[in-house]
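Let me begin by presenting the structure, written as structure tokens, before commenting on it.
Note that this is a predicted model, so its numbers are computed, not measured.
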Amino acid sequence: MTYHIEKTQQGEKYNTIFSSITSAERRKRTSRSRLKKRILLGTYIVLLMLPIYWLLNMSLQTNSEILGSMTLWPQNVTLDNYIGIFSNPSWYMGYVNSIMYVAMNMVITMLVALPAAYAFSRYKFIGDKHLFFWLLTNLMAPPAVFLLPYFQLYYSVGLFDTHIAVALAHCLFNIPLAIWILEGFMSSVPKEIDETAYIDGYSFPKFFIKIFIPMISSGIGVVLFFLFMFSWVELLLARTLTATDAQPIGMIMTRTSTASGIDWGTLAAAGMLTIIPGVLVVYFVRNHIAKGFALGRT
């Protein structure tokens with residue numbers, strides 16, 4: 001009996017030692033995996049921020065320093081490149097023009113896409129699926145296909161070289177994308193909410209603005225993000241449909257090449273200023289974007 005008790009106690013002792021060793025190994029493996037993840041994440045962030053840092057570095061240098069020896073930071077920091085942009089109307093008006101037609105496009109697209117997406121998500125009608133698919137086919141064509149008809153149309157009606165011309169041209173691609181994304185969010189909202197609101201005496205505009213839109217705010221944030229990104233970086237349509245009065249900043253940045261060479265410092269400063277609006281948009285809709293990517297069809 002005493003022998004069995006000693007064996008049992010000895011076995012429990014070995015089990016305790018083994019479990020402590022196992023738990024220690026698990027903690028080591030967990031710490032190693034966390035360290036690897038942090039190293040990979042840090043490497044990714046460094047590689048992601050390296051071009052932006054290099055652009056900032058160039059924007060604070062003179063052309064002679066940029067074309068000279070490679071430096072990791074400016075030897076003689078200068079703000080002349082930024083001062084030249086803000087003191088030259090042809091430069092800063094490019095930012096104003098881009099912001100104007102991007103804002104117009106976002107407003108027009110949302111005004112059209114919200115009711116259209118609600119109709120697709122709530123009602124069934126003849127050819128609804130075919131019409132929905134036809135809207136998506138507009139995204140399959142490159143913008144160059146529509147350059148000539150848009151140019152002839154806008155030149156005939158007097159819209160050439162205006163902000164609304166570029167905004168309407170971008171609607172051809174942004175409205176189908178917005179409808180497709182918003183329809184997925186709206187379909188996830190139960191139809192019983194609509195019926196309950198009608199029973200409570202809400203009119204459709206009041207219900208749609210005060211109840212329905214806040215419920216799909218994440219989807220609206222995702223849509224606004226995509227609308228801004230497409231219109232802000234799109235250059236082909238904006239360059240073809242404008243000449244002098246509504247030139248976007250992307251078109252002006254392509255004109256930095258002169259007889260004396262390319263003005264690298266001004267070009268880098270313009271690139272840094274072009275990144276800022278996108279950063280601000282992502283910052284203000286970041287929560288909606290995170291929820292939207294998790295809940296919607298994006």
Side-chain angles (χ1 to χ4, degrees), residues 41-106 143 163 166-167 170 174 221-222 224-242 244-290:
L41 181 61
T43 305
Y44 172 75
I45 293 176
V46 169
L47 294 177
L48 184 66
M49 298 301 296
L50 182 60
I52 299 177
Y53 168 75
W54 203 257
L55 191 66
L56 177 63
N57 183 28
M58 291 177 60
S59 68
L60 299 175
Q61 297 177 359
T62 61
N63 285 328
S64 58
E65 185 177 351
I66 293 174
L67 298 175
S69 59
M70 185 183 70
T71 56
L72 297 178
W73 52 82
Q75 301 298 324
N76 298 311
V77 179
T78 178
L79 297 177
D80 292 341
N81 298 320
Y82 293 96
I83 295 174
I85 291 176
F86 287 110
S87 61
N88 190 346
S90 64
W91 272 102
Y92 65 76
M93 283 306 298
Y95 292 100
V96 174
N97 294 332
S98 297
I99 292 174
M100 286 183 64
Y101 73 68
V102 168
M104 287 180 174
N105 174 258
M106 293 172 70
H163 303 97
V166 183
H170 288 175
N174 284 341
V222 173
L224 292 177
F225 169 75
F226 281 110
L227 296 183
F228 175 84
M229 293 304 297
F230 177 85
S231 294
W232 186 253
V233 303
E234 200 281 326
L235 182 60
L236 187 60
L237 289 173
R239 183 174 184 176
T240 305
L241 301 178
T242 59
T244 55
D245 297 334
Q247 286 183 344
I249 184 60
M251 183 176 177
I252 297 175
M253 290 175 66
T254 60
R255 296 183 175 181
T256 55
S257 179
T258 59
S260 58
I262 299 177
D263 191 355
W264 295 107
T266 303
L267 188 61
M272 286 301 303
L273 294 175
T274 306
I275 296 175
I276 293 176
V279 174
L280 293 176
V281 170
V282 173
Y283 176 78
F284 285 112
V285 300
R286 63 189 186 281
N287 295 328
H288 296 297
I289 292 176

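Atoms CD1 and OH, on Ile85 and Tyr95 in that order, are 5.0 Å from each other to the nearest 0.5 Å. Within the model, atoms CE of Met106 and CZ of Phe225 stand 11.0 Å from one another, a figure rounded to the nearest 0.5 Å. One distance of note links CG of Leu60 with CG of Leu79; it measures 6.5 Å at 0.5 Å rounding. If you take CD on Gln61 and CD on Gln75, they are separated by 8.0 Å, rounding to the nearest 0.5 Å. For the atom pair Asn81 CG and Thr62 OG1, the distance stands at 8.0 Å (nearest 0.5 Å). Here OG of Ser98 is found 7.5 Å from CD1 of Ile252. Values are rounded to the nearest 0.5 Å.
Within the 4.5 Å cutoff, the side chain of Trp232 has no heavy atoms near those of the Leu227 side chain. Residues Val166 and Pro248 form no side-chain contact, since every pair of their non-hydrogen atoms from C-beta on lies 4.5 Å or further apart.
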For this session: Kindly indicate, with the supporting measurements, whether the criterion side chain to side chain contact (heavy atoms under 4.5 Å, CB included) is fulfilled by Tyr101 and Asn105.
Result: CA-CA 6 Å; Tyr101 73 68; Asn105 174 258; 5.8 Å; no

Problem set entry | Steps toward side chain to side chain contact (heavy atoms under 4.5 Å, CB included) verdict (Val233, Phe228) | CA-CA 8 Å; Val233 303; Phe228 175 84; over 6 Å; no

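Closest of all the heavy-atom pairs between Pro74 and Asn57 is CD-OD1, 2.9 Å. Nearest heavy atom pair, residue Ser231 against residue Val102, reads CB-CG2, 3.7 Å. The minimum heavy-atom distance linking Thr242 with Met251 is given by the pair OG1-SD, 4.0 Å.
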Show me, pair by pair, the donor-acceptor contacts under 3.5 angstrom made by side chains of residues 266-278, not counting sequence neighbours?
residue : atom : partner : partner atom : Å
Thr266  : OG1  : Asp263  : OD1          : 3.3
Thr266  : OG1  : Asp263  : OD2          : 2.6
Thr274  : OG1  : Ala270  : O            : 2.6

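In this view, His163 satisfies the ring pair (Phe, Tyr, Trp, His ring centres under 6.0 Å) rule with no residue, not counting sequence neighbours.
Without hydrogens or angle criteria, Asn97 side chain to Met93 main chain gives a donor-acceptor distance under 3.5 Å.
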